[in-house]
Engineer: 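One structure, as structure tokens, below. Some questions next.
Each chain gets a letter, A, B and so on, in the order the sequences are listed, and its residues count up from 1.
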Amino acid sequence: MSTLLSVKGLTSGYGNLQVLREIDFEIETGKIVAVIGPNGHGKSTLLKTISGLLPTWSGQCSFKSEPLCSGAPERARKGLVLVPQGDQLFMGMSVEENLLMGAFSRSDVGATMETLKEVYELFPRLDERRTQRADSLSGGERRMVGIGRGMMSNGDLMMIDEPSLGLAPLIIEQIYDALGKLAKGDRSIIVVEENPSRVASVASHFYLLDGGKFAWSGDAKELSASGDVLKTYLGG
Amino acid sequence: MPKNSPHLVMFSKHISGGEEMDAILQIMITGLTLGSMYALASVGLALTFGTMGMFNMAHGLFMTIGAYGSYAAAELWGFPLPLALLVGLLAGGIVGAAMHIAIVSHMLHREDFTTTIMVATAGVAILLQDLILKQFGAYPFKQPVQVEGLMLIGNTAITYQSIAIVLFAGILIGTLGWLLTKTRFGLAIRATAMNQDAAKLMGVKTELTYLQVLVIAGVMAAAAGILISSLASLSPGMGANPLIRAFVICVVAGLGSVTGAGFTAISLGLMEAAIGYYFGVRYGFPVMLGLVIIVLIFRPAGLFGKQGVVRA
């Protein structure tokens, strides 16, 4: 297995406020990694920094064994995809326009249409709503568009920020079904969640983020064995 | 009315005492001519506000520079008419690009961008206006870039210049509409306008988009300036009045709505022509300003704008 993304000594934050403190981790090709932890401890900040939306203060990231260039658009074009928290859809565009925006940096029209078909197969609901404007969709449908838009860029690494946020349990199950299917492909995924219970079934490795540092990490087996650690941090 | 207002010239060509049909035709022609100039003047302003959240106080000066660019090319350098027109448009685009590179790009990431950029662009406007005053003086030159002659339909005189204005504005705005809705380039602009961060995550180089938007706004404003000066005359302060009108149009339409600005401009042009015909030219602008107040009271987001909803 080759290393897809490696992060060493990453620090970052907002303005003068430091949030991330010396983060180190790696993700291999085709793996799903979950970053869990309480609110306000840097999970979203970590994804935003890796995606380039927030500037890196110090530390190195390398992606596909090359140092990561700066700037979110450049990183997106390299195949580093962030599905941001709260979806961040293009509200005045239709579902299909939103999905096609996901393929903005692709030039292979035929393959792009194939991916579009895959997205509609994964989320048949979106196929029904393809001409509907994004601001008329329900929360669950918006999340589907967000994830579908991320798939459209056909990147090597997809980072998904709290896919279950603000959704009803039934919809969360649908979303996680879809993530499970996505995971069967060869793309690597980083999922951020506050609570590990949903993500435990799809991810192979877990990092617990607390106070801007990884306080614990381990695989699925260790996760189930470490109930006490998690309870301490997440109040389970 | 100030001396450089287009209306004096427009209405002097109106032949009075005609029948109702003539009056309507006259109002339509005057209104469309005014409306298409207003549309050109305001779409750029709407586009910059919609995409970058920036109210460009120097937008009126883009018009002035376009007008003087064409004047200089035709009168001083002896360029043929179409080439002089092109020089004027180019001048607007270049000033837009230069302003982005020298000023806007350095301020984009400030938290108080929307307010500070107004002050900064107001400064740019004063600087540019004084540079034009120094270079060309305050003499109200005639804009050489125009077509002479008129034709009569019934009792109504239609100048070829009016026809040229409507056609030229139609072509430019049509091209802009096509660019924004049918091309990848326009998709990037619309995406940036709707959600800047998301656009970046899709690989849109938003900084470049902003530069392109200011170039487009500069070209459209320059076109408006050339056309306006062809009906009135050139003066360093000629951009002030159209800027206020463009701002009024953008507010009535809903700040940032480009299509809305186009429709509102044509409607307000027609309305102003009708008021000018029946009540007198001097009432056109006050009524327009009154309309803004009414719109702001009853539809604060504008006729085409949407009330912003903040979602967690």
Engineer: With side chains defined as the heavy atoms from C-beta onward, is the minimum distance between Met93(A) and Leu187(B) less than 4.5 Å?
Structural biologist: yes
Engineer: Where does Gln85(A) contact chain B at under 4.5 Å (heavy atoms): side chain, backbone, both or neither?
Structural biologist: neither
Engineer: By a 4.5 Å heavy-atom criterion (distance strictly below it), what part of Leu53(A) contacts chain B: side chain, backbone, both, or neither?
Structural biologist: side chain
Engineer: Over all heavy atoms of both residues, which pair between Arg77(A) and Val204(B) is shortest? Give the atoms and the distance, please.
Structural biologist: NH2-CA, 4.5 Å
Engineer: Work out which heavy atom in Leu201(B) is nearest to a heavy atom in Pro84(A); give both atom names and the distance.
Structural biologist: CD1-CG, 3.8 Å
Engineer: With Arg190(B) as the cation and Phe90(A) as the aromatic partner, state whether NZ or CZ is under 6.0 Å from the six-membered ring centre and within 45° of the axis.
Structural biologist: no
Engineer: Answer whether the closest heavy-atom distance between the side chains of Met202(B) and Met101(A) falls below 4.5 Å.
Structural biologist: yes
Engineer: Is the number of heavy atoms from other residues, nucleotides or ligands within 6.0 Å of CD (Gln60(A)) greater than 12?
Structural biologist: no
Engineer: Examine whether an atom of Ala193(B) lies under 4.5 Å from a heavy atom of chain A, and if so say whether it belongs to the side chain, the backbone or both; otherwise answer neither.
Structural biologist: neither
Engineer: Kindly give the heavy-atom pair with the smallest separation between Gly203(B) and Ala76(A), and that separation in Å.
Structural biologist: N-CB, 3.7 Å
Engineer: For Trp178(B), does the CH2 atom have more than 12 heavy-atom neighbours from other residues, nucleotides or ligands under 6.0 Å away?
Structural biologist: no
Engineer: Starting at CZ of Arg184(B), measure out to OG of Ser105(A) and round the result to the nearest 0.5 Å.
Structural biologist: 7.5 Å
Engineer: Does Phe263(B) have more than 12 heavy atoms from other residues, nucleotides or ligands lying within 6.0 Å of its CZ?
Structural biologist: no
Engineer: Tell me whether the count of non-hydrogen atoms from other residues, nucleotides or ligands lying under 6.0 Å of CZ in Arg130(A) goes above 12.
Structural biologist: yes
Engineer: Do Met194(B) and Leu89(A) pass the side chain to side chain contact (heavy atoms under 4.5 Å, CB included) test, and can you show the C-alpha distance, the side-chain angles, and the key distance before you say yes or no?
Structural biologist: CA-CA 8 Å; Met194(B) 285 177 211; Leu89(A) 301 184; over 6 Å; no
